[in-house]
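The structure presented is a predicted model; accordingly, all values stated were derived computationally and were not measured. In listed order, ligands and their atoms are each counted from 1.
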Amino acid sequence: MNWDDTTDTSDGERLVGASADGEDQAVEAALRPKDLGEFIGQEKVREQLDLVLRAARARGATADHVLLSGAPGLGKTTLSMIIAAEMEAPIRITSGPAIQHAGDLAAILSSLQEGEVLFLDEIHRMSRPAEEMLYMAMEDFRVDVIVGKGPGATAIPLELPPFTLVGATTRAGLLPPPLRDRFGFTAHMEFYEPAELERVVHRSASLLDVEIEPDGAAEIAGRSRGTPRIANRLLRRVRDYAQVKADGLITKDIAAAALAVYEVDARGLDRLDRGVLEALLKLFGGGPVGLSTLAVAVGEERETVEEVAEPFLVREGLLARTPRGRVATPAAWAHLGLTPPRSQATGNGQGNLFGA
Ligand SMILES: Nc1ncnc2c1ncn2[C@@H]1O[C@H](COP(=O)(O)OP(=O)(O)OP(=O)(O)O)[C@@H](O)[C@H]1O
């Protein structure tokens, strides 16, 4: 299955990257919760989805189309498989970038069985003609297949069996309203709380037959950036360390030592994130500094700093994007154990820490 290449700037090489790498794909199948009861966190989404699915089952109907939005690795694919399992229906998995022509979509739609779940990952990256075909398929369970070209082209209507489309997107805002409106149920997936990620780590450890103490799980959860995929990946690296350097048991100290080797710090920042913050603090006194200047200082592309490092730093409240440039927050100074210059610490001097 092709999960990745869906984000514009891939972070798949990083231990704390949220897109799936090859090893993730191999292990994830084994770690996926199989039903709503096993799915950890996202209480509201679970409760609402449970109602939607139960009602459809009670009516003997196909479930409404579902749109799942949220960052990579939060469980959208997992939920789509759970929807199929709960409806006792088969599932077909594809992605927006894989459907470049309306004909590609017509071929998939016309081969669906009644009640089948069609999971369309990165739905916002589908081509325009395919998207328009999808409108009619979702609403009327019908598509017009165009045969021939130019003035002689004719549209042949094709009836489809009722199916459930589960669309997933990292960017709900990019979906055209007509498409968004055709989903009967829309859920936004949030980043997970540390306590929820601890449960994810315990569950995965037990499936992987790894012994872990509660403090060890908490240590991994705290560095997982709110994302189950990252928690599972860090768990695997810590397991390696525990096997090679100790007796296999994951304690708090083992987890911390292992993740220090992989340069993932207590808050989940890796070398790239820390490089950006250190440059901002040490070379530019906390900013404001322009993105291009900052990128040159860390020896990275502008896009890498902006799309790979910054979103997490902003979310963590360590960096602010202001009209005058990038600015470190007081939390950034504290996190790196540095003292801000007097002008910033007191709020005097040249200016407002967060710009105009
Ligand atoms: N709520 C959860 N409880 C337990 N494990 C979870 C949960 N959500 C996700 N996971 C685990 O995290 C991994 C990634 O989940 P999944 O592939 O569903 O994410 P995704 O949102 O579809 O990511 P992408 O957008 O990159 O396709 C899976 O191995 C799954 O086991």
Side-chain angles (χ1 to χ4, degrees), residues 1-50 66-86 91 93-98 117-125 166-172 174-175 187-208 210 217 220-221 224-237 239 307-308 311:
M1 277 179 273
N2 183 14
W3 307 112
D4 102 82
D5 50 53
T6 47
T7 38
D8 300 327
T9 305
S10 174
D11 62 359
E13 299 288 299
R14 304 167 76 199
L15 197 56
V16 292
S19 356
D21 62 19
E23 188 189 341
D24 291 327
Q25 288 171 25
V27 185
E28 278 183 359
L31 297 181
R32 281 185 205 286
K34 303 277 184 288
D35 57 40
L36 276 180
E38 272 187 53
F39 193 82
I40 293 163
Q42 310 286 345
E43 301 298 337
K44 265 280 153 261
V45 173
R46 256 186 15 200
E47 188 186 345
Q48 294 167 350
L49 196 55
D50 186 43
V66 175
L67 178 65
L68 304 172
S69 68
L74 297 186
K76 299 183 294 297
T77 307
T78 305
L79 262 191
S80 74
M81 291 179 170
I82 289 177
I83 291 172
E86 299 266 349
I91 181 166
I93 296 181
T94 185
S95 71
V117 171
L118 174 63
F119 177 60
L120 233 170
D121 203 3
E122 294 297 313
I123 191 168
H124 63 270
R125 294 183 65 198
V166 179
T169 179
T170 45
R171 308 177 185 188
L174 292 187
L175 280 195
H188 179 70
M189 312 203 33
E190 303 286 349
F191 286 99
Y192 290 66
E193 295 298 325
E196 293 167 342
L197 288 181
E198 276 180 50
R199 287 167 55 204
V200 171
V201 171
H202 276 299
R203 178 178 173 278
S204 301
S206 126
L207 289 171
L208 296 172
V210 176
I220 295 173
S224 300
R225 302 161 78 112
T227 308
R229 172 174 291 138
I230 300 177
N232 284 338
R233 192 184 301 142
L234 296 187
L235 170 66
R236 297 201 302 276
R237 294 292 71 83
R239 169 188 64 177
E307 293 172 32
V308 181

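- Rounding to the nearest 0.5 Å gives a distance of 9.5 Å between CZ of R225 and CG of L234.
- Ligand 1 lies nowhere less than 4.0 angstrom from a heavy atom belonging to G41.
- Ligand-side atoms of ligand 1 in range of T77: 17 (O), 18 (O), 20 (P), 22 (O), 27 (O), range being under 4.0 angstrom from any heavy atom.
- Note that the CD atom of E86 and the CE atom of M81 stand 14.5 Å from one another [nearest 0.5 Å].
- Residue E196 holds its CD atom at 6.5 Å from CD of E43, rounded to the nearest 0.5 Å.
- Near T78, meaning under 4.0 Å from one of its heavy atoms, ligand 1 places the atoms 15 (O), 16 (P), 18 (O), 30 (C).
- Proximity to L31 (heavy-atom distance under 4.0 Å) selects the following atoms of ligand 1: 31 (O).
- A salt bridge links E47 with K44: the distance from a Lys NZ or Arg NE/NH1/NH2 to an Asp or Glu carboxylate oxygen falls below 4.0 Å.
- Summarising the contacts of atom 4 (C) of ligand 1 with A30, S95, P33, the nearest heavy atom is found in P33.
- Within ligand 1, counting atoms from 1 as listed, the ones closer than 4.0 Å to a heavy atom of Y192 are 1 (N), 2 (C), 7 (C), 8 (N).
- Relative to atom 6 (C) of ligand 1, the option among A231, S204, P228 with the closest non-hydrogen atom is P228.
- The proximity of L79 to ligand 1, defined as any non-hydrogen pair under 4.0 Å, does not occur for either the backbone or the side chain.
- Only the side chain of D121 comes within 4.0 Å of ligand 1, judged by heavy-atom distances.
- The shortest non-hydrogen separation linking I40 to Y192 is O-CE2, 3.2 Å.
- Among R229, R233, E196, the residue whose heavy atom sits closest to atom 17 (O) of ligand 1 is R229.
- In this structure, Q42 does not count as a contact residue of ligand 1, since none of its heavy atoms falls inside 4.0 Å of the ligand.
- A heavy-atom distance below 4.5 Å is not found between the side chains of L174 and T169.
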